[in-house]
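What follows is a single structure, written as structure tokens, with notes after it.
Sequence lines set the chain letters: A, B, ... in the order given, protein chains first and strands last, and positions in each chain run from 1.
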Amino acid sequence: MPRKDPDASKSSFFLDKLLDAAVDIKQNPEAAERVYMARHLVQCTLPHSDPGNVNIWRRRNGNVTLSIRPHIGKDDKALYPYGSIPRLLLFWMVTEATRTKSRRITLGDSLPDFMREIGLNPRNGSGERSDVARLKEQMTRLFTAQINVEQAEEAHEMNVYMPVTSKTEFWWAFKTSADRSLWDSWIELGEDFFKMVTASPVPVDMRALRALKRSPLALDLYAWLTYTVFAANKNKANRIVPWKGLHDQMGGEYARTRDFRSKTLEAIKKIKLVYPALVIESTDEYLIVHPAKTAIESKE
DNA sequence: CCGAAAGTTAAGCTTGGAAT
DNA sequence: ATTCCAAGCTTAACTTTCGG
């Protein structure tokens, strides 16, 4: 009873999931699963793919520069966090830090539960390409990295160098399913990193993250748009953002801003499915974000 | 602007072996 | 024999470049 039917079922599993999430979010706005991202990390973002063995990695947004100093592995290779997994981890870390107001964050006692919580699938094998293996790799890369924020104004310059974590303890018992618990695995966020991420958290909907998680660009844009709408509402005015500037802060590595622009507009189409209240205008030079309902109903 | 091509990453499927 | 994993394989998506 073979699963044949190349065309019908093939259409697009991923698109189905996106549409399911879109319907759910539209029909059940009150069921939002509120998670947070830090404002600074919304404005400057992580690499999409492995930058390879380079010394440092930078993103600039106006006079704020975010850089990442990677952990150096045994063979002297730079190990950057990249792709969607460290982004999902950051959403989780910021959310837990905000919720508990504590630098120490526990991972719970079950690895599969933890994975589901951050939007990964614990049951897709354990090979090199599985979520478990990639999660473990990206956890190491993210937790051992140092994130720096450099703020330069006319007569004033402020630099903060923040190790993401100061201490970690993991109990990976991967061998058999009975051992698949994290016991009391925990991480302790670096002091300054903790201050930064809890200073001004931006609330987003976990359901949207799960739907967009295949695209680092879409994840970044969704969080950024949520924040930008919030800022537009606050000023009661449209936010007018030059494509060039947006490209600098989250552009992946597109050589031409116009390529970045067209890919971003495609990603925004998907984001509008999970954030239907968005009102966006686009010109050759600018992306214009209108005041609108925020991605999440404000707390009562 | 549009679409094709090339290179990465994500996700599902298959297989083989160990444990029950 | 059946179940459960680990590992490998294949295909779908995504990112980036480039030329018409």
Side-chain angles (χ1 to χ4, degrees), chain A residues 1-22 45-54 57 59 77-89 91 110-112 115-116 118-139 141-142 172-181 208-224 243-244 246-271 273-274 282-287:
Chain A
M1 241 158 41
R3 68 252 146 72
K4 271 272 134 133
D5 198 36
D7 278 352
S9 64
K10 189 175 211 162
S11 64
S12 170
F13 186 67
F14 175 65
L15 190 59
D16 287 349
K17 282 208 294 199
L18 180 62
L19 293 174
D20 285 350
T45 61
L46 299 178
H48 291 168
S49 57
D50 193 349
N53 200 20
V54 297
W57 193 90
R59 277 272 170 271
K77 289 279 183 356
L79 300 174
Y80 286 89
Y82 65 89
S84 50
I85 290 177
R87 289 168 164 80
L88 294 170
L89 280 167
F91 281 110
S110 152
L111 181 58
M115 291 179 68
R116 274 186 284 270
I118 66 175
L120 296 176
N121 176 8
R123 307 192 59 75
N124 61 1
S126 58
E128 214 180 336
R129 313 185 104 83
S130 67
D131 280 5
V132 198
R134 288 182 300 118
L135 171 65
K136 200 176 164 191
E137 173 71 19
Q138 292 296 334
M139 279 173 88
R141 287 170 175 247
L142 178 62
W172 303 107
F174 273 120
K175 284 300 169 201
T176 73
S177 65
D179 291 337
R180 275 196 160 223
S181 77
L209 301 184
R210 278 194 290 265
L212 299 172
K213 73 168 183 200
R214 253 189 128 153
S215 162
L217 178 63
L219 285 174
D220 291 345
L221 282 169
Y222 170 68
W224 177 80
W243 284 111
K244 178 74 174 65
L246 193 58
H247 185 193
D248 285 346
Q249 64 177 283
M250 58 178 60
E253 308 301 327
Y254 294 100
R256 308 187 303 195
T257 295
R258 65 178 192 273
D259 285 332
F260 167 73
R261 176 179 178 277
S262 78
K263 300 302 174 188
T264 297
L265 288 171
E266 275 176 36
I268 287 178
K269 279 187 202 158
K270 284 183 204 145
I271 293 170
L273 292 172
V274 291
S282 157
T283 70
D284 284 350
E285 292 286 316
Y286 301 102
L287 175 69

Item checked: Minimum-distance nucleotide (side-chain atoms of A/His48 versus C/dA12, B/dC1, C/dT15) -> C/dT15
Checklist line | Donor-acceptor pair, side chain of A/Trp57 and main chain of A/Leu46, under 3.5 angstrom | finding: no
Notebook entry, point to check: Of the nucleotides C/dA12, C/dT15, B/dT9, which has the atom closest to the A/Asp50 side chain?
Noted result: B/dT9
Next item on the list: Whole angstrom is fine here: how far is it from CZ in A/Arg134 over to P in C/dG8?
Entry: 16 Å
Checklist line | Shortest non-hydrogen contact from A/Leu142 toward A/Pro86 | finding: CD2-O, 3.9 Å
Notebook entry, point to check: Between B/dT9 and A/Arg214, is there an OP1 or OP2 to side-chain N/O distance shorter than 4.0 Å?
Noted result: no
Item checked: Residues in side chain to side chain contact (heavy atoms under 4.5 Å, CB included) contact with A/Asp248, at least two apart in sequence or another chain -> A/Lys244
Next item on the list: Could you tell me which residues satisfy side chain to side chain contact (heavy atoms under 4.5 Å, CB included) with A/Arg116, sequence neighbours excluded, listed by chain and number?
Entry: A/Pro112, A/Asp113, A/Pro122
Pairs under 3.5 angstrom, nitrogen or oxygen only, protein versus nucleotides 17-20 of chain C, please.
residue: C/dT17; atom: OP1; partner: A/Glu253; partner atom: O; Å: 3.3
residue: C/dT17; atom: OP2; partner: A/Glu253; partner atom: O; Å: 3.3
residue: C/dT17; atom: OP2; partner: A/Ala255; partner atom: N; Å: 2.3
residue: C/dC18; atom: N4; partner: A/Arg256; partner atom: NH2; Å: 2.9
residue: C/dC18; atom: N4; partner: A/Asp259; partner atom: OD1; Å: 3.2
residue: C/dG19; atom: O6; partner: A/Arg256; partner atom: NH2; Å: 3.3

Note to self: Expressed as a whole number of angstroms, how long is the span from A/Gln138:CD to B/dT8:P?
What the structure shows: 16 Å
Item checked: Separation of atom CZ in A/Arg210 from atom P in B/dA10, rounded to whole Å -> 18 Å
Check: Which residues pass the side-chain hydrogen bond (donor to acceptor under 3.5 Å, both in side chains) test with A/Ser262, sequence neighbours left out?
Finding: none
Check: Does the side chain of A/Ser49 get closer than 4.0 angstrom to OP1 or OP2 of B/dG7 through an N or O atom?
Finding: no
Check: In terms of side-chain heavy atoms of A/Lys213, which of B/dA11, B/dC1, B/dT9 is nearest?
Finding: B/dA11
Check: Which whole-number value in Å describes the distance from A/Leu219 CG to C/dT15 P?
Finding: 10 Å
Checklist line | Rounded interatomic separation in angstrom, taking NZ from A/Lys269 and C1' from C/dC14 | finding: 15 Å
Margin query: Taking side-chain hydrogen bond (donor to acceptor under 3.5 Å, both in side chains) as the definition, give me every residue that meets it alongside A/Gln138, ordered by chain and number, with sequence neighbours left out.
Written below: none
Next item on the list: Provide, to the nearest angstrom, the distance between the CE atom belonging to A/Met250 and the C1' atom belonging to C/dT16.
Entry: 18 Å
Notebook entry, point to check: Considering only B/dA11, B/dT9, B/dC1, which nucleotide approaches the side chain of A/Tyr82 most closely?
Noted result: B/dT9
Checklist line | Helix axis bend for the helix from B/dC1-C/dG20 to B/dT20-C/dA1 - C1'-based end axes, five pairs, 10° rounding | finding: 20°
Check: With A/Ala78, which residues qualify under side chain to side chain contact (heavy atoms under 4.5 Å, CB included), at least two apart?
Finding: A/Asn53, A/Pro70, A/Ile72, A/Tyr80
Notebook entry, point to check: For A/Ser84, which contact category applies under a 4.0 Å heavy-atom criterion: base, sugar-phosphate, or nothing?
Noted result: sugar-phosphate
Check: Quick one: side chain to side chain contact (heavy atoms under 4.5 Å, CB included) partners of A/Leu79, sequence neighbours excluded?
Finding: A/His71, A/Arg141
Check: Whole Å only: how far is the CH2 atom of A/Trp243 from the P atom of B/dC1?
Finding: 11 Å
Next item on the list: Round to a whole Å and report the spacing from NZ of A/Lys136 to P of C/dA7.
Entry: 11 Å
Next item on the list: State whether the side chain of A/Lys270 and the backbone N or O of A/Ala218 hold a donor-acceptor pair below 3.5 Å, judged by distance alone.
Entry: no
Check: Looking only at heavy atoms, which two atoms of A/Trp243 and A/Asp284 are closest? And how far apart?
Finding: CD1-O, 3.3 Å
